[in-house]
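What follows is one structure encoded as structure tokens, with my remarks underneath.
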2 protein chains.
Amino acid sequence: MLYFLVVTEKKSVERQTQWLRGVLDLAVLALLAESGEDYGYTLVRRLDEAGLPGMRPGTLYPLLNRLDSEGLVRSEWRAGSGGPGRKFFQLTGQGRAVLAEQGPLWTEFAENATAVLERGMNS
Amino acid sequence: MLYFLVVTEKKSVERQTQWLRGVLDLAVLALLAESGEDYGYTLVRRLDEAGLPGMRPGTLYPLLNRLDSEGLVRSEWRAGSGGPGRKFFQLTGQGRAVLAEQGPLWTEFAENATAVLERGMNS
DNA sequence: TTTACTATTTGGCGAGACAAACTAGTATGT
DNA sequence: ACATACTAGTTTGTCTCGCCAAATAGTAAA
């Protein structure tokens with residue numbers, strides 16, 4: 001019974017991380033748009049607070065570098081005030097454009113998916 | 001310029017297919033809950049009508065078999081009235097339980113993600 | 001018998017998320 | 001001085017799942 005609980009809980013976590021696929025990068029762009037700039041470590045916290053928990057460094061940092069090499073963000077090393085150096089990221093014009101273009105598409109998709117699930121659950 | 005258009009359009013499509021990860025199976029369970037039973041070919045159409053377009057047979061059929069082997073649906077071959085045989089799927093109790101448990105989690109996740117994106121877009 | 005529509009199967013590919021281990025700078029308590 | 005803990009970022013190998021393409025086949029209409 002405990003085993004069952006553990007398994008289903010693990011499965012839920014795995015599923016939620018699947019859900020992040022494809023929208024995590026938009027979420028990061030959105031957080032950068034909101035704060036002007038930020039670095040990886042605190043972005044993890046902000047994602048967590050925003051209800052998108054469980055981000056691992058091995059997920060976020062490669063993503064940030066990917067966004068960088070795609071030109072959606074730019075990065076700059078700065079000395080850390082208390083702690084090691086930090087790589088600050090900020091949105092580029094291109095990044096802002098992608099966010100403006102893809103954000104509404106996500107909203108629409110999410111609404112459609114939610115509608116399907118709720119119709120199914122109420123039958 | 002045309003090249004650019006083609007590329008960004010392709011990227012959008014790619015992104016939307018990423019969004020399906022982890023929720024496509026719930027959507028299929030929901031459609032089966034709604035209709036009692038159904039088979040692959042028409043599920044593609046129903047997904048399309050529900051705003052989750054572009055499903056390929058190479059995606060849906062393996063998914064249905066996965067759900068079958070996980071015990072979330074059960075399947076039965078029946079002769080097709082006009083056309084080849086059809087493999088009908090219907091929800092099991094376990095499938096219904098998974099839908100009831102995971103569906104609300106999706107709703108919550110989708111709302112959180114949407115909120116983050118919208119805060120980002122309005123700043 | 002050719003064409004078109006319906007229906008399912010199979011195989012290979014690739015993006016990206018994970019876990020885990022690693023490097024390192026700073027701060028705190030003893 | 002030393003151990004410990006916290007902050008910060010990197011690297012590597014593995015796995016899932018959705019994609020594309022192509023094969024297989026039954027039925028129906030021309």
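Lettering follows sequence order; numbering is per chain, from 1. Everything quoted here is computed from the prediction, not taken from an experiment.
Residue-level contact check: B:Gly58 touches the bases, meaning some heavy atom is under 4.0 Å from a base atom.
Distance CG (A:Leu63) to P (D:dG9): 14 Å, rounded to an integer number of Å. Between B:Arg66 atom CZ and C:dT9 atom C1' there is a gap of 15 Å when expressed in whole angstrom units. Atom OH in B:Tyr41 sits roughly 15 Å away from atom P in C:dT9 (whole-Å rounding). Taking atom CG on B:Asp25 and atom C1' on D:dC17, their separation rounds to 10 Å, with Å as the unit. Atom C1' of nucleotide D:dG9 and atom CG of A:Asp38 are separated by 14 Å, given to the nearest angstrom. Note: CZ (A:Arg46) to P (D:dA8) measures 14 Å, nearest angstrom.
Nearest nucleotide to the A:Trp77 side chain, out of D:dT7, C:dT9, D:dG9: D:dG9. Of the candidate nucleotides D:dA25, D:dT16, C:dG25, C:dG25 has the atom nearest to the side chain of A:Pro84. Nearest to the side chain of A:Arg86, among C:dA15, D:dT7, C:dT9, sits D:dT7.
The phosphate of D:dC20 (OP1 or OP2) has a side-chain N or O of B:Arg56 nearer than 4.0 angstrom. Contact check, A:Tyr61 against D:dG9: a side-chain N or O comes under 4.0 Å of OP1 or OP2. Regarding contacts with the backbone of C:dA17, every side-chain N or O of A:Thr17 stays at 4.0 angstrom or more from both OP1 and OP2.
Ionic pairing of A:Glu76 and A:Arg78 is present here: one or more N-O contacts between side-chain nitrogen and carboxylate oxygen are shorter than 4.0 angstrom. Ion pair B:Asp38/B:Arg46 flagged as a salt bridge, since at least one NZ, NE, NH1 or NH2 atom sits closer than 4.0 Å to an Asp/Glu carboxylate oxygen.
Residue order along DNA chain D, read from the 5' end via each residue's closest nucleotide, puts A:Pro62 first among A:Pro62 and B:Gly22. Nearest-nucleotide positions on DNA chain D for B:Leu20 and A:Phe89 put A:Phe89 closer to the 5' end. In terms of position on DNA chain C, the residue among A:Gly85 and A:Arg21 whose nearest nucleotide sits closer to the 5' end is A:Arg21.
Between the OG1 atom of A:Thr92 and the CG atom of A:Leu32 there is a distance of 10.0 Å, given to the nearest 0.5 Å. Taking CG from A:Leu26 and CH2 from A:Trp106, the interatomic distance works out to 9.0 Å, rounded to the nearest 0.5 Å.
Checking each of B:Leu43, B:Asp48, B:Leu20 against B:Met55 for a side chain to side chain contact (heavy atoms under 4.5 Å, CB included) leaves exactly one that passes, namely B:Leu20.
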